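Computed from a predicted structure; not experimentally measured.
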Number of protein chains: 2
Amino acid sequence: MVRKSATGRIGIADVAVKAGVSHATVSRVMNGNYTVDPDIAARVRAAAAELKYQPNPVGRSLALGKTDTIGIVVPDLANPTFQAILRGLSRAAAQDGYRVLIADSFEVSSEEAILAGEARRRCDGLVLCAPRMTDAELEEIAPSLHPLVLINRITAAAGIPSLVVDYGQGVQDIAEHLVELGHTRLAFLAGPPRSASNGLRLQGLESFKAAHPHVEVTMLEGGSDFDTGHEAVDAVLECGATGILAFNDLVAMGLMSGLHERGIDVPGDISVTGFDDIPFAKYTTPALTTAAVPITELGEQAWQQLRALIRKEASDAPGSRYQPRLEVRSSSGPARAARTAVHG
Amino acid sequence: MVRKSATGRIGIADVAVKAGVSHATVSRVMNGNYTVDPDIAARVRAAAAELKYQPNPVGRSLALGKTDTIGIVVPDLANPTFQAILRGLSRAAAQDGYRVLIADSFEVSSEEAILAGEARRRCDGLVLCAPRMTDAELEEIAPSLHPLVLINRITAAAGIPSLVVDYGQGVQDIAEHLVELGHTRLAFLAGPPRSASNGLRLQGLESFKAAHPHVEVTMLEGGSDFDTGHEAVDAVLECGATGILAFNDLVAMGLMSGLHERGIDVPGDISVTGFDDIPFAKYTTPALTTAAVPITELGEQAWQQLRALIRKEASDAPGSRYQPRLEVRSSSGPARAARTAVHG
DNA sequence: GCTAATCGAGAAAACGCTTTCTCGCCGGTG
DNA sequence: CACCGGCGAGAAAGCGTTTTCTCGATTAGC
C-alpha cells in the first residue's frame, strides 16, 4: 500500500494520498509555505513522518534549477595542497548547505576541460584547479563554466574571480632568508615544467637574481613529489649550492631524506627549504623552513566567492592575492665556508 | 534564437528544432540508438555540435533514475586515512564513469546519520566511514542506505558489505615485534574512546596480553592526531615503558617530535611505532615502524563492492578483511636495560 | 441578504530528459 | 492489386518535484 510506483521509493504522492490532500499541498507544507491551513499542515506532517518521506533531490533540482552542489576539479587528490583546498572548500560550503563533488583529473591536462564541463553541469558552480592547462584553453572554456572561481590561475575572461598565492614573492622571501644566512650559491629544484605556480616561482627568482647579481642561482629539473626530491640528491650535490629552494615541501622532504642517507647534514652542510607549509612540515627532522600558504583558508575563500556568484551578489572583490609567510625552522642555517662540488 | 526558454541553457528542444526533428529523435541519437536513419542522425549530430549541446544531467537522472554519482561519508577530511580512501574510491569510480560526492561529518557523530541519508538520496550508492556511530544506530539506518558499503564497521543488517582492516592483528604484530626486540614494558597510546577501530586494537592487545603474561602493557589516553601524540610525552615518560604503540602514525609522529624536544633518543631510549603507514611515515626521522594498511586499495575495493551492488550483481564476496603488514623501520630498536621511570 | 474580496487548496504546467506507444509509409508477398 | 509486416520517427507519458493558475468556499461589507 505504501510502496510507490516505479522507483519503489516513497514519493510526495504517497504522502498526499495518506494525508488526503493533493501533492501540491504536501509540497507547500514541506517548503514551509504558510498559506496552508494549520490542521491540514499538521496532517501532512504526520503523514510524512509516518512514511519517513524525504523529498527526492533530483526532482527538486529539476524543478528548482539548482542542485545545492558545487564541483571542484583538482589535478591530483594525492597532493596535500589540493587536499587542503578541498577541505576548506567542503567545510565552508557545508555551512551553507552545499555539498561538493570532486573531479580528479589525475594530472592529464587534456581531460581537464571536459571534466570541468561535466562537473559544472551537475553543479551550481565550480572551483577549478588546473595548473597545467594552457591560458588559451582556460580562457576559452571559462565563460561556459560560470559561476566559476579559479585557484592559482588568472584569465582574461570577464567576471571570473581568481584566488592566487603570490609564489613569486614567497620564493624571493626564502631566497633572501638564505642570503641573510650567508649563502651565495643557491639552487632551485623546480616543479613540473608546465605548472603555472612553477612559472610564478621562476619569475620571482628572476627578480631576485636581478636584485642580487652576486648570488649564483642554479636551476635544477624536478617535479612535485617526494620521489622527485629524493632522486634529485645527486644533481643537488653536484651543483655545489649550499642553499636549496625546493619546489614544495614534499620535494624538500624527499631531498632531506636523500641527503640524510648520504650522511649530509641539514642544515650544517646544506640548507633546505620547502614551500606550502603542509601539516607535516613542522614535524620533519630538522623541521622544515618553508613559506606558509594559508591554503585551507584559500578553500574557504573560494566558497565565499563562489557563493556570491551563485547568489548573483556583486562580488566585492573580484579575487584575492595571498602572501606566503616565511616560516623559519631548523632546516636552514648559516652557510659554511664555500664548499667544493661533490662528485658522483 | 538559439537561447532557450527558462534556464537560458541549450536544451534538447533547441537541437530538435535546428535539426528539424522531434526531441525524441535527438534523444535517440545522443544515446546511440541505431533505429535512426543515418542521414537524420548525422543532421542531429551536426546540429548538436553546432549548438554545443550537452544533455542536462539532472533531467537525465530523473528520467533514468540514476545519478552516476556515489557518496562517501567521512568523519574528518583532514585525516590522511580518509583522504587515501577517498582517493582510491574516486579513482576507481571515475574509471567506470562515476563521480563522488563528499560528506564530511567533522567528527560530530550525531550528524552522521542525517548526513548519510542526505548524501545517499543524491547518489546511486554510499560508502560510509562512521567510526563513532553506535552499532544500534548503524544497524537502524543501514537498510535505508542500500546500496551501501561499510568501511571498518560491520553490521547485522543484511546485504551490506564491509571492508575491515584487522587492527587487532596488526597491533599484535607490532607488540610481538617489540617483544622480540627485548621490550617488556609496553604502552598503548589509545585513540578516540568511541572509535571502533580503537576497540579492535584494544581487543588485539587483550589477546596479546593473554599470550604474554610477563609483558606489562600500560594503557594511556590519547586521540588521533599530532597534537595528541605531542601532548602525551609526559604520560609516556612517566609510565616507564620502552616500547610505545601509538594509535596511528600521526600520533606516533607527534610523540616522536615531543620526545625529540625532550632529548629522548628514538629508538635508543624508547621505541615508537605507528599504524597505517601513511605516505609520510617513511620520511620521518627516524623512519617510522608501523603496520601498513593498503588503504588506497581499500577505497578501490569499496567501489568494486558498491558497483556490484548498484548493478545488482551477486556480490561474490560480502566483504573483505585486510591484514596489515608490519613495516619495520628505524623508530623501533632493541630495548635497553630496564629504565626507571622519569618524573616531571 | 447579496455581492465582492480573500483565502486556501486542487489542477495543471513546467523543469529536461528517456522511452513506450502509436502511426504512417515502405516494400514484399500471395 | 491488395494486404500484411516491419521499420523509422513523432506524440505522449513518465520521472518527482515546485509553482502558477484557477476556482470554490468562506467572510466581510454595504
Side-chain angles (χ1 to χ4, degrees), chain A residues 2-45 47-48 51-68 118 120-124, chain B residues 2-45 47-48 51-68 118 120-124:
Chain A
V2 156
R3 286 302 151 124
K4 181 51 200 319
S5 55
T7 37
R9 279 191 105 73
I10 292 168
I12 204 172
D14 303 88
V15 181
V17 169
K18 177 133 196 157
V21 298
S22 75
H23 68 280
T25 300
V26 176
S27 174
R28 281 188 273 259
V29 172
M30 299 308 289
N31 294 303
N33 184 325
Y34 293 110
T35 71
V36 179
D37 182 289
D39 289 353
I40 295 187
R43 219 164 67 217
V44 168
R45 259 187 280 274
L51 262 38
K52 294 194 200 307
Y53 166 70
Q54 302 286 130
N56 176 327
V58 179
R60 278 195 110 231
S61 289
L62 188 59
L64 258 25
K66 67 198 199 93
T67 61
D68 289 343
E118 280 184 1
R120 175 60 188 83
R121 282 195 304 280
R122 304 187 119 74
C123 301
D124 298 344
Chain B
V2 156
R3 285 301 149 122
K4 180 51 200 319
S5 55
T7 36
R9 278 192 106 71
I10 291 166
I12 202 171
D14 302 87
V15 181
V17 169
K18 178 133 197 159
V21 298
S22 75
H23 69 279
T25 299
V26 176
S27 173
R28 280 189 273 258
V29 172
M30 301 306 291
N31 294 302
N33 184 325
Y34 293 112
T35 72
V36 180
D37 183 289
D39 288 354
I40 296 188
R43 217 164 70 217
V44 168
R45 259 186 279 274
L51 262 39
K52 292 194 203 305
Y53 166 70
Q54 302 288 131
N56 176 326
V58 179
R60 280 195 108 231
S61 291
L62 190 59
L64 257 25
K66 69 200 199 91
T67 61
D68 290 342
E118 281 184 0
R120 175 60 188 82
R121 281 196 304 281
R122 302 187 121 74
C123 301
D124 298 344

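Side-chain contact check for A:R122 versus A:T67: every heavy-atom pair is 4.5 Å or farther apart. Side-chain contact check for A:V29 versus A:R43: every heavy-atom pair is 4.5 Å or farther apart. Using a 4.5 Å heavy-atom cutoff, the side chains of A:I10 and A:K52 are not in contact. Annotation: side chain of B:V15 is not in contact with side chain of B:M30 (no heavy-atom distance under 4.5 Å). Counting heavy atoms from C-beta on, the side chains of B:V58 and B:L62 never come closer than 4.5 Å. Here the side chains of A:Y53 and A:K18 are not in contact, with every heavy-atom distance at 4.5 Å or above.
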Nucleotides 17-26 of chain C: protein proximity per nucleotide (B base, S sugar-phosphate only, - neither; heavy atom, under 4.0 Å): BBBB------
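Note: CZ (B:R122) to C1' (D:dG16) measures 14 Å, nearest angstrom. If you take NZ of A:K66 and C1' of D:dT17, they are 13 Å apart, rounded to a whole angstrom. In this entry the distance linking OH of A:Y34 with P of C:dA9 reads 15 Å, nearest Å. C:dC7 atom P lies 18 Å from atom CG of A:D39, rounded to whole Å.
Distance from the side chain of A:L62 is smallest to C:dG16 among C:dG8, C:dG16, D:dG8.
In secondary-structure terms, DNA chain C builds stems of at least 3 consecutive Watson-Crick or G-U pairs, each pair having both distances under 3.5 Å, at C:1-30 with D:1-30.
Here B:V21 lies in heavy-atom contact (under 4.0 Å) with sugar-phosphate atoms only. Contacts of B:V58 with the nucleic acid, taken as non-hydrogen atoms under 4.0 Å apart, are absent.
Judged by distance alone, the side chain of A:R120 and the main-chain N or O of A:C123 form a donor-acceptor pair under 3.5 Å.
In this view, A:D37 satisfies the side chain to side chain donor-acceptor pair (under 3.5 Å) rule with no residue, not counting sequence neighbours.
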